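Beneath this line is the structure, given in structure tokens, with notes to follow.
Below, chain A is the first sequence line, B the second, and so on; all start at residue 1. Because the structure is predicted, anything quoted here is derived from the model rather than measured.
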Amino acid sequence: MLQVSYIRENRDKVLERLAVKNFKQPDLVDEIIQLDDSRRQTQVKLDNTSAEANSAAKQIGELMRNGKKEEAETIKAKTGVWKEDIKKYNDELAIIEDSLYQKLVLLPNLPHSSVPKGITPEENEVVLQNGTIPQLPANALPHWELAAKYKLIDFELGVKITGAGFPVYTNKGAKLQRALINFFIDEAEKAGYKEVSVPLMVNEASGFGTGQLPDKEGQMYFVTEDNLYLIPTAEVPITNLYRDVILKADELPVKNCGHTPCFRREAGSYGAHVRGLNRLHQFDKVEIVQVVNPETSYDVLEQMSLHVQSLLQKLGLHYRVLRLCGGDMSFGSALTYDMETWSAAQQRWLEVSSVSNFETFQSNRLKLRFRNAEGKTQLAHTLNGSALALPRIVATLLENNQTEKGIKVPEVLVPYTRFEWID
RNA sequence: GGAGAGGUGUCUGAGUGGUCGAAAGAGCACGCCUGGAAAGUGUGUAUACGCCAAAAGUGUAUCGAGGGUUCGAAUCCCUCCCUCUCCGCCA
């Protein structure tokens, strides 16, 4: 959520930046400013009337104590009008604030100046491509066939006990999951992230804090009985750890990592590209989250991007880094890098990580502040990224490492899997 | 799930209708004291939204959340949320 004061002071810039994100309702900006104007006017009226009523109440108290009952009654008689006005202004204010809020949550975050213009994924900018695209023999298998061949994943069994998109990992497939999770966590800890283990369900306030609510409820599983949402990513609980928190300057940067399963309804996605592990309702992911001083957030974003890249390099995966164009970015992000690995058997890129700087978009909702050098409270910047999401990593590992002998496990993973070959 | 108790500032904790944004203590910050520290001592120590060109200042709101009663609510009433204790159930 953008700050109203920022919108007021930077109206033209806001409009210009929103255009980069292909925002369709630029009129909202002026509507918000107008609503804020009337909010202020109403508040002045309310405050002034309340001040009069408060001081009258004080006088009455004093008079009563001194036994001057009649004088007190005289003043009391005058309070009725104030009371009515206060109620009226309060109601007005509540209505104004509500419609201000309703409009404010419709505004996406402003994209960073480096974000390319564009609407479709094709317009994302390739920042770098690592190495050459791996070539596989013509008879190379896609991962879902490899998973069946080596009995790593049982999709049918998942359908039986839950439904499509909930695979059952078996044998070395299950071991590989656990190995990857531990590898990613260990690497994150080496990079200075503190591991946390968080709830997999969150309340509405948390959903709001990171920007999933309102609006994206359709993408989350919801437990109606207890009003809880299954997390779509660990970003939600980990970032919300710092909701309503004022950090000391020396507590920044906060660096947390954690592994969780992620649950996504993925309503409306069908077709060939969702086959196998490409798109699931439940998958495992290690997430890295930082809360930082705004001055450093773009340096931190680069560091996080490099951390993710180092994981891909260690796993020996061919990848590229994209800077998302305005139209392809998420609602709350100011700058996002996507990492994609090349699926040689599917002959296409698979998104395996997304690293974003949210600037104050989340912290404004979270009321996540820190005390700056002047001792004043200031909104912190939040960032997060997948490091990494498992299924597509597994998919490309299986596909790209397939040989006549079986599937070669990357060397860095062997201490975790305790086997070198899947065969 | 049943019964009871309770939610006050960074923490402990007082406060049952007015002088309460809130006693006291602890913590923390700064100063004094000290060779240095401890002890002692003094001062300060919530957040948000406004007004003001800005600082100073000042108004309003906030004692779990929301509503109500009242001239006036931390205090009384209602609803909800949460915590603790006992019982039940249970990985």
Closest to the A:Lys87 side chain, choosing from B:G72, B:G68, B:U60: B:G68
Among B:C51, B:U47, B:G72, the nucleotide that comes nearest once only the side chain of A:Ile246 is considered: B:U47
Distance, rounded to the nearest Å, where A:Lys78 contributes NZ and B:C71 contributes C1': 12 Å
Polar side chain donor-acceptor pair, A:Glu123 to A:Thr120, under 3.5 angstrom: yes
Gap in Å between the two C1' atoms, one belonging to B:U75 and one to B:U8, rounded: 11 Å
B:U47 OP1/OP2 closer than 4.0 Å to side-chain N/O of A:Arg369: no
Other residues, nucleotides, ligands: >12 heavy atoms within 6.0 Å of A:Gln3 CD: yes
Aromatic ring pairing A:Tyr101/A:Phe208, orientation class (parallel under 30°, perpendicular over 60°, tilted between): tilted
Between B:U58 and B:C52 - C1' atom distance, rounded Å: 9 Å
Rounded distance in Å - CZ (A:Phe370) to C1' (B:U47): 17 Å
Who pairs with B:C80 - Watson-Crick or G-U, where each distance is under 3.5 Å: B:G64
Nucleotide B:C51, atom C1' - distance to CG of A:Leu46 in whole Å: 14 Å
Closest listed nucleotide, where the reference is the side chain of A:Asn54 and the choices are B:G50, B:C71, B:A61: B:A61
Integer angstrom distance from the P of B:C11 to that of B:C63: 15 Å
A:Lys87/A:Glu84 salt bridge by N-O under 4.0 Å criterion: no
Of A:Gly375 and A:Gly80, the one whose closest RNA chain B nucleotide lies more 5': A:Gly375
Sugar-phosphate, base or nothing in reach of A:Ala56, heavy atoms under 4.0 Å: nothing
Distance, rounded to the nearest Å, where A:Ile96 contributes CD1 and B:G50 contributes P: 13 Å
OP1 or OP2 of B:U10 under 4.0 Å from side-chain N/O of A:Lys248: no
Inter-nucleotide C1' distance (B:U83, B:A65), Å rounded: 15 Å
Residue met sooner reading RNA chain B from 5', once A:Arg371 and A:Lys376 are mapped to nucleotides: A:Arg371
Rounded distance (Å) that lies between atom P of B:U60 and atom CG of A:Leu93: 15 Å
Same-atom distance (C1') from B:U60 to B:G21, integer angstrom: 13 Å
Atom pair distance, as rounded to whole Å: NZ in A:Lys83 and C1' in B:G72: 10 Å
Complementary nucleotide for B:C33 - Watson-Crick or wobble, under 3.5 Å: none
Touch class at under 4.0 angstrom, heavy-atom based, for A:Ile75 against every strand present: nothing
Identified pairing partner of B:G18, criterion: Watson-Crick or G-U wobble below 3.5 Å: B:C71
Pair assignment for B:G57, Watson-Crick or G-U wobble, requiring both distances under 3.5 Å: B:C51
Interatomic distance where CD belongs to A:Glu9 and C1' belongs to B:A53 [whole Å]: 13 Å
Distance between P atoms of B:G9 and B:G4 (Å, rounded): 27 Å
Whole-Å gap separating C1' (B:C80) and CG (A:Asn203): 15 Å
Distance between C1' atoms of B:U79 and B:U69 (Å, rounded): 15 Å
Residue A:Lys76, side-chain heavy atoms: nucleotide from B:U60, B:C71, B:G50 that is nearest: B:C71
Side chain to side chain donor-acceptor pair (under 3.5 Å) evaluation trace for A:Arg392 with A:Thr341: CA-CA 8 Å; A:Arg392 294 177 193 159; A:Thr341 54; over 6 Å; no
Out of B:U47, B:G50, B:U60, whichever nucleotide has its closest atom nearest the side chain of A:Asp47: B:U60
Residue-phosphate contact under 4.0 Å: A:Ser50 side-chain N/O, B:G59 OP1/OP2: no
Neighbour count above 12 (heavy atom, 6.0 Å) for A:Arg178 CZ: no
No-hydrogen, no-angle side-chain donor-acceptor test under 3.5 Å, A:Gln402 and A:Glu145: no
Counterpart base for B:U12, defined by Watson-Crick or G-U wobble contacts under 3.5 Å: B:A24
Opposite nucleotide pairing with B:U85, Watson-Crick or G-U, both atom distances under 3.5 Å: B:A3
Parallel, tilted or perpendicular: ring planes of A:Phe263 versus A:Tyr221, cut at 30 and 60 degrees: perpendicular
B:U10 versus B:C28 - spacing of their P atoms, nearest Å: 16 Å
